Amino acid sequence: MKPALFSVLCEIKEKTGLSIRGAQEEDPPDPQLMRLDNMLLAEGVAGPEKGGGSAAAAAAAAAAGSPTDNSIEHSDYRAKLSQIRQIYHTELEKYEQACNEFTTHVMNLLREQSRTRPISPKEIERMVSIIHRKFSSIQMQLKQSTCEAVMILRSRFLDARRKRRNFSKQATEILNEYFYSHLSNPYPSEEAKEELAKKCSITVSQVSNWFGNKRIRYKKNIGKFQEEANLYAAKTAVTAAHAAAAAVQNSQTNSPTTPNSGFQMKDEEFQLDSAENKNTLLTNMFTGGYPAPCYQSDGRIQ
DNA sequence: TGCGATGATTAGGT
DNA sequence: ACCTAATCATCGCA
């Protein structure tokens with residue numbers, strides 16, 4: 001910027017008491033503008049050059065409940081965010097420069113006019129504030145669209161649904177084993193969930209999600225899961241047989257296993273009596289027979 | 001590429 | 001807080 005113009009701007013500043021550079025930020029305490037500013041600051045788009053963005057990304061990733069450090073996606077997110085940030089800053093600078101230049105231009109015109117007519121400081125102030133209002137509304141739009149872009153970016157990268165990965169085969173195996181061996185009451189306790197989570201290398205809430213999904217899907221279409229149920233029943237039968245063999249050697253007077261009340265969904269009379277079903281499955285497994293169908297094709301009990 | 005499977009989210013209930 | 005049920009969005013296979 002040319003020194004001559006700059007001195008003019010300083011002159012305006014002195015005369016009007018307006019801050020030319022940052023008029024938009026400090027003049028009206030507009031709540032919406034403040035919201036936008038706060039959000040941009042929180043997302044690391046506005047504010048200090050480095051660190052903010054990654055902090056926001058890390059916080060968001062933590063909120064999304066991602067235990068592994070998917071650093072590839074992270075850096076991708078950061079790259080996109082800094083792209084937005086760069087665009088935002090260059091645009092902002094462009095607007096400020098344009099605002100200043102335009103102000104200078106108007107001031108020059110007023111100066112020339114001052115040779116032919118008297119110009120009051122009031123008039124100058126009015127002109128300058130008009131210009132600033134115009135430019136700050138443009139700036140508001142910029143901030144708004146930047147916020148939108150960040151929100152879209154966030155939803156694309158940080159929405160857990162978008163980066164869903166199937167659990168490992170082992171994990172699914174472990175979960176299924178638990179589910180089918182507790183079919184009469186497939187509601188693991190907090191401790192059980194923690195243990196399953198540990199075994200499967202997933203979070204406790206993922207275990208809860210899995211059981212929630214499994215219960216509802218099993219209930220909806222038991223027929224579909226029959227084969228799977230048989231498979232895991234056989235599997236647990238083998239381990240149970242080992243355990244039983246060991247137990248029998250110790251004592252013959254063991255109390256019977258826990259009484260089963262049946263798989264009952266909350267608030268619903270939905271007695272599967274699946275413990276009995278499982279026992280049938282097991283005995284059939286051992287005798288080589290195939291279990292009699294216990295459920296109708298629509299999933300209801302016969 | 002279509003479609004079923006599947007993990008995550010949401011709304012509404014207790 | 002935890003559940004069910006519906007739904008969303010992606011995965012993975014034929």
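Labels below follow one simple rule: chain letters A, B, ... track the order of the sequence lines, proteins then strands, and each chain is numbered from 1. Just so it is clear, the model here is predicted, and its values are computed rather than measured.
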State which residues pass side-chain hydrogen bond (donor to acceptor under 3.5 Å, both in side chains) with Glu123(A); sequence neighbours excluded, sorted by chain then number. Arg117(A)

Earlier contact from the 5' end, DNA chain C, for Arg217(A) and Gly212(A): Gly212(A)

Take the protein atom CH2 of Trp210(A) and the nucleotide atom P of dT9(B), then report the distance between them rounded to whole Å. 18 Å

dC11(C), OP1 or OP2 - any side-chain N/O from Arg165(A) closer than 4.0 Å? yes

Whole-Å distance, Lys214(A) NZ to dA8(B) C1', equals 17 Å

Which dot-bracket string describes DNA chain B (Watson-Crick N1-N3 plus N6-O4 or O6-N4, or G-U N1-O2 and O6-N3, all under 3.5 Å; [ ] crossing; | other strand)? ||||||||||||||

Between Glu191(A) (CD) and dC2(C) (P), how many Å, whole number? 11 Å

Polar side-chain contact Asn213(A)-dA8(B) base: donor and acceptor under 3.5 Å: yes

Choosing from dA5(C), dG7(B), dC11(C), which nucleotide comes nearest the side chain of Lys219(A)? dA5(C)

So Asn209(A), base contact, sugar-phosphate only, or nothing? Heavy-atom distance under 4.0 Å. base

Would you mind reading off the distance between Tyr218(A) atom OH and dT4(C) atom C1', rounded to a whole angstrom? 17 Å

If you assign Asn166(A) and Glu190(A) each to the DNA chain C nucleotide with the nearest heavy atom, which residue ends up on the more 5' nucleotide? Glu190(A)

Spacing between Ile216(A) atom CD1 and dT10(B) atom P, to the nearest angstrom: 18 Å

For atom NZ of Lys169(A) and atom P of dA5(B), their distance in whole Å: 15 Å

Please give me the minimum heavy-atom distance between Tyr95(A) and Gln139(A), naming the atom from each residue. CD1-CA, 4.4 Å

Looking at Lys220(A), does any N or O in its side chain come under 4.0 Å of the phosphate oxygens OP1/OP2 on dA6(C)? yes

Arg164(A) CZ to dG12(C) P, in whole Å, measures 8 Å

Look at the side chain of Ser201(A) and the backbone N and O of Ala197(A), then say whether any donor-acceptor pair between them is shorter than 3.5 Å. no

Lys193(A) meets the side-chain hydrogen bond (donor to acceptor under 3.5 Å, both in side chains) criterion, sequence neighbours left out, with Ser208(A)

Considering residues at least two apart in sequence or located in another chain, which fulfil the side chain to side chain contact (heavy atoms under 4.5 Å, CB included) criterion with Gln86(A)? none

Check whether any side-chain N or O of Gln206(A) sits under 4.0 Å from OP1 or OP2 of dG7(B), and answer yes or no. no

May I ask you to evaluate whether Lys224(A) reaches the phosphate of dA5(B), defined as a side-chain N or O under 4.0 Å from OP1 or OP2? yes

Sequence neighbours left out, what passes side-chain hydrogen bond (donor to acceptor under 3.5 Å, both in side chains) with Ser205(A)? Give chain and number order. Thr203(A)

Starting from P on dT6(B), measure out to CD on Glu173(A) and report it in whole angstrom. 13 Å

Suppose we screen for ring pair (Phe, Tyr, Trp, His ring centres under 6.0 Å). Which residues come up paired with Phe211(A), at least two apart in sequence or across chains? Tyr178(A)

